Trainee: 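One structure, pasted below without further comment.
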2 protein chains.
Amino acid sequence: MARRKKYKFPKTTIERLSYYFRALEDLSKRGIDTVSSEALGGKLNIKSSQIRKDLSYFGDFGKRGMGYDVKYLLKELKYILGLDREWAVVIVGAGHIGAAMANYDSFEKRGFNIAAIFDNDEKKIGKEINGTPILPYDNIDDFVKQNKIEMAIIAVPAAAAQAVADKLVESGVTAILNFAPVAVQLDENVRCLSVDLTTKLEALAYYMSYSQDKLWKIYS
Amino acid sequence: MARRKKYKFPKTTIERLSYYFRALEDLSKRGIDTVSSEALGGKLNIKSSQIRKDLSYFGDFGKRGMGYDVKYLLKELKYILGLDREWAVVIVGAGHIGAAMANYDSFEKRGFNIAAIFDNDEKKIGKEINGTPILPYDNIDDFVKQNKIEMAIIAVPAAAAQAVADKLVESGVTAILNFAPVAVQLDENVRCLSVDLTTKLEALAYYMSYSQDKLWKIYS
DNA sequence: TCACCCATGTGAAAATTTTAACATACGCCG
DNA sequence: CGGCGTATGTTAAAATTTTCACATGGGTGA
Ligand SMILES: NC(=O)c1ccc[n+]([C@@H]2O[C@H](COP(=O)([O-])OP(=O)(O)OC[C@H]3O[C@@H](n4cnc5c(N)ncnc54)[C@H](O)[C@@H]3O)[C@@H](O)[C@H]2O)c1
Ligand SMILES: NC(=O)c1ccc[n+]([C@@H]2O[C@H](COP(=O)([O-])OP(=O)(O)OC[C@H]3O[C@@H](n4cnc5c(N)ncnc54)[C@H](O)[C@@H]3O)[C@@H](O)[C@H]2O)c1
């Protein structure tokens, strides 16, 4: 189990660690070896004190007076975030969102291996998206078990989402990224995050209507 | 300017109002006239006290002992969220994400009218997606001005996102939904929300690695 | 009409998260 | 080798957000 200094920290910290990771990758690519919390924060619109605090939950990664070694911090964050290994993922729903996710090669680069896409539409089964096969939804159970799939992306219509989630969990999946606009009810040992695009647009509509409310982080 | 009792409330309240709205639509469709905060919360995994507090920032919508009238609350939330009008939206980037968004008809139903999609790929220009034309990116300026576009969805590669955002804002757009994995720097009177799918997956990876951390709301 | 039930709206407390401030440590330069 | 500039890690304070607890008022039925 990875290093951790404190046992409690904000939930938002994890999300930010992911942003730090990506920004550091960018710096690394551009040949920058060292970065201060101030400089990193400037890139991300996050206060430097926030960055230092976030990192301090997990260890002492910087050098006083110097800042952080980019490569070293990348390695540590990779470890903390659980990106130092491969994750076997399936997508359920070979529609627009499912296809977008399957086509996004950066996921593979990060270690998320999309093993298969499942759909119940006869016309889609047998085809493939970006090299990943579309398999019959009825076989998902066996596939998940045999391939020790741990993560799933749900990209089916809202009406089907709960049933799909139940089946996935039953088969052994313990983490779900859900695109369906519905609150899926799950056992508490299953991690589930929802991406709700309608809500994002509606929040924008609200803030357009009330222009006196000045707020917003880059992350939501 | 719509009703509001209090001038300060959590940013997360707006996101939840959107969830309430959707859940109420569902109830309404199923012929349910009245709902208690307890029942609504059960549907959404949100505490009833949270719901009552959220609503109380905007008005007194319920009847003691009775709960909330579904249709009436829907009407009020629609008004509060700014969904009682039409919003003219453009999508920039006719790739996978852009296409998914353009194909999602629920946005139109909510009043988000996707007026056009812009791309700089000659092969895509002139085609259409779900009835919406793909236009040359070079014309975006004029189009946004002429059609009084207020909202934009950025679905271009990260490297292009900042330039696209700048151009949009210059042309008059004041709200942006950004899918590019980069923190776009904007004037503070522009509302910008980012959807970061990689971060969601990475957060899941973290929580898989540290299974002792039990947390998660349905929303993130 | 009155008593009782029920679920709201709210004020206060608790919990969480962010921000500020600074003592501490590192490296550089003279 | 010691003083100086700098940016960390941390402690304490401030700000925000959630949860609790209950007084309040509407509806119902006797
Ligand atoms: N496209 C968007 O921009 C967008 C925006 C917001 C929310 N969403 C949500 O994301 C989800 C996916 O959206 P989409 O646009 O990709 O939908 P889509 O209709 O393009 O694709 C859905 C796919 O799921 C398959 N499917 C349906 N029921 C299934 C089942 N029981 N088992 C297996 N496969 C099944 C269908 O055959 C289809 O291929 C939906 O819940 C939608 O509400 C999408
Ligand atoms: N597809 C996914 O699942 C996914 C996941 C996470 C993040 N994203 C991000 O979302 C964004 C879009 O992803 P995508 O998969 O749709 O990409 P894509 O490559 O499918 O589409 C990008 C489109 O933008 C167009 N484009 C490029 N530069 C442009 C410019 N300067 N002006 C106008 N158009 C331009 C391209 O021609 C292309 O049609 C990217 O930033 C990507 O990193 C996508």
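In what follows, every chain begins at residue 1, and chains take the letters A, B, ... in the order their sequences are listed. Values below: every heavy atom of this structure, side chains too, minus hydrogens, waters and symmetry copies. In this text, all values refer to a predicted model and were calculated from it rather than measured experimentally.
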Trainee: With sugar-phosphate meaning primed atoms plus P, OP1 and OP2, does Ser49(B) contact a base, only sugar-phosphate, or nothing at under 4.0 Å between heavy atoms?
Mentor: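 Result for Ser49(B) = base.
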Trainee: Over how many whole Å does the gap from Ile46(B) atom CD1 to dT19(D) atom C1' extend?
Mentor: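 Answer to the nearest Å: 14 Å.
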Trainee: Do you know which of Leu168(A), Ile154(A), Val190(A) makes side chain to side chain contact (heavy atoms under 4.5 Å, CB included) with Val173(A)?
Mentor: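 So the option named by the test is Leu168(A).
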Trainee: What is the nucleic acid contact for Ser48(A), judged by heavy atoms within less than 4.0 Å: base, sugar-phosphate only, or nothing?
Mentor: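 Answer is nothing: Ser48(A) stays at 4.0 Å or more from every strand.
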Trainee: Expressed in angstrom and rounded to an integer, what is the separation of Asp60(B) atom CG from dA23(D) atom P?
Mentor: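 Interatomic distance, CG of Asp60(B) to P of dA23(D): 19 Å.
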Trainee: Checking Lys167(A) against Tyr137(A): charged group under 6.0 Å from the ring centre and within 45 degrees of the axis?
Mentor: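 Verdict for Tyr137(A): a cation-pi partner in Lys167(A).
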Trainee: I want to check one thing: is the phosphate of dT8(D), taken as OP1 and OP2, less than 4.0 Å away from some side-chain N or O of Arg52(A)?
Mentor: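 Checking Arg52(A) against dT8(D): at least one side-chain N or O falls below 4.0 Å of OP1 or OP2.
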Trainee: Is there a side-chain polar atom (N or O) of Tyr68(B) under 4.0 Å from OP1 or OP2 of dG9(C)?
Mentor: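 Indeed, a polar side-chain atom of Tyr68(B) lies that close.
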Trainee: Rounded to whole angstroms, how far apart are CD on Glu76(A) and P on dG9(D)?
Mentor: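 It works out to 12 Å between those atoms.
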Trainee: Thr12(B) side chain N/O closer than 4.0 Å to the phosphate oxygens (OP1, OP2) of dT17(D)?
Mentor: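 Indeed not, no polar side-chain atom of Thr12(B) lies that close.
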Trainee: Taking the minimum atom-to-atom distance to the side chain of Met66(B), which one of dT17(C), dG27(D), dT8(C) wins?
Mentor: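 My answer, after comparing the listed nucleotides, is dG27(D).
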Trainee: Answer yes or no: is there a donor N or O on one side and an acceptor on the other, between the side chain of Glu15(B) and the main chain of Thr199(A), under 3.5 Å?
Mentor: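 Not confirmed, Glu15(B) side chain does not pair with Thr199(A) backbone.
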Trainee: Report the distance from atom CZ of Phe58(A) to atom P of dT10(D), rounded to the nearest whole Å.
Mentor: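 Those two atoms, CZ and P, are 14 Å apart.
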Trainee: Can you find a heavy atom in the side chain of Tyr104(B) that is under 4.5 Å from one in the side chain of Ile97(A)?
Mentor: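 A side-chain contact under 4.5 Å is absent here.
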Trainee: Quick one: Asp54(B) CG to dT17(D) P, roughly how many Å, whole number?
Mentor: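 Nearest whole value for this atom pair: 11 Å.
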Trainee: Check whether any side-chain nitrogen or oxygen of Thr13(B) sits under 4.0 Å from OP1 or OP2 of dT17(D), and answer yes or no.
Mentor: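 Result: no.
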Trainee: In this structure, how many angstroms lie between the C1' atom of dA15(C) and the CZ atom of Phe9(A), rounded?
Mentor: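 Atom-to-atom, Phe9(A) to dA15(C), this comes out as 16 Å.
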Trainee: Between Ser36(B) and dA7(C), does any side-chain N or O lie under 4.0 Å from OP1 or OP2?
Mentor: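 So the side chain of Ser36(B) is outside the cut-off, no N or O lying under 4.0 Å from OP1 or OP2 of dA7(C).
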Trainee: On DNA chain C, compare the nucleotides closest to Lys47(A) and Lys53(B); which residue's is nearer the 5' end?
Mentor: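 Closer to the 5' end of DNA chain C: Lys53(B).
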Trainee: Check the phosphate of dG25(D) against Lys63(B), side-chain N and O only, distance under 4.0 Å to OP1 or OP2. Yes or no?
Mentor: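 Lys63(B) to dG25(D) OP1/OP2: no side-chain N or O under 4.0 Å.
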Trainee: At under 4.0 Å, does any side-chain N or O of Arg16(A) touch on OP1 or OP2 of dT18(C)?
Mentor: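 For Arg16(A), the contact criterion (side-chain N or O under 4.0 Å from OP1 or OP2 of dT18(C)) is met.
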Trainee: Under 4.0 Å between a side-chain N or O of Gln50(B) and OP1 or OP2 of dT19(D)?
Mentor: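 For Gln50(B), the contact criterion (side-chain N or O under 4.0 Å from OP1 or OP2 of dT19(D)) is met.
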Trainee: Any side-chain N or O of Lys11(A) below 4.0 angstrom from OP1/OP2 of dT17(C)?
Mentor: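 It does, given that an N or O in the side chain of Lys11(A) lies less than 4.0 Å from OP1 or OP2 of dT17(C).
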Trainee: Salt bridge or not for Asp26(B) and Arg22(B), using N-O below 4.0 Å?
Mentor: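 Result for this pair is no, no salt bridge flagged.
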Trainee: How close or far is atom P of dT18(D) from atom CG of Leu55(B), stated in whole angstroms?
Mentor: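 Whole-Å distance recorded here is 14 Å.
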Trainee: Send over the distance from Ile51(B) CD1 to dT17(D) P, rounded to a whole Å.
Mentor: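 The distance from CD1 of Ile51(B) to P of dT17(D) comes to 18 Å, rounded to the nearest Å.
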Trainee: Can you find a pair of side-chain heavy atoms, one from Met101(A) and one from Leu197(B), that are under 4.5 Å apart?
Mentor: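 Of all side-chain heavy-atom pairs linking Leu197(B) with Met101(A), at least one is under 4.5 Å.
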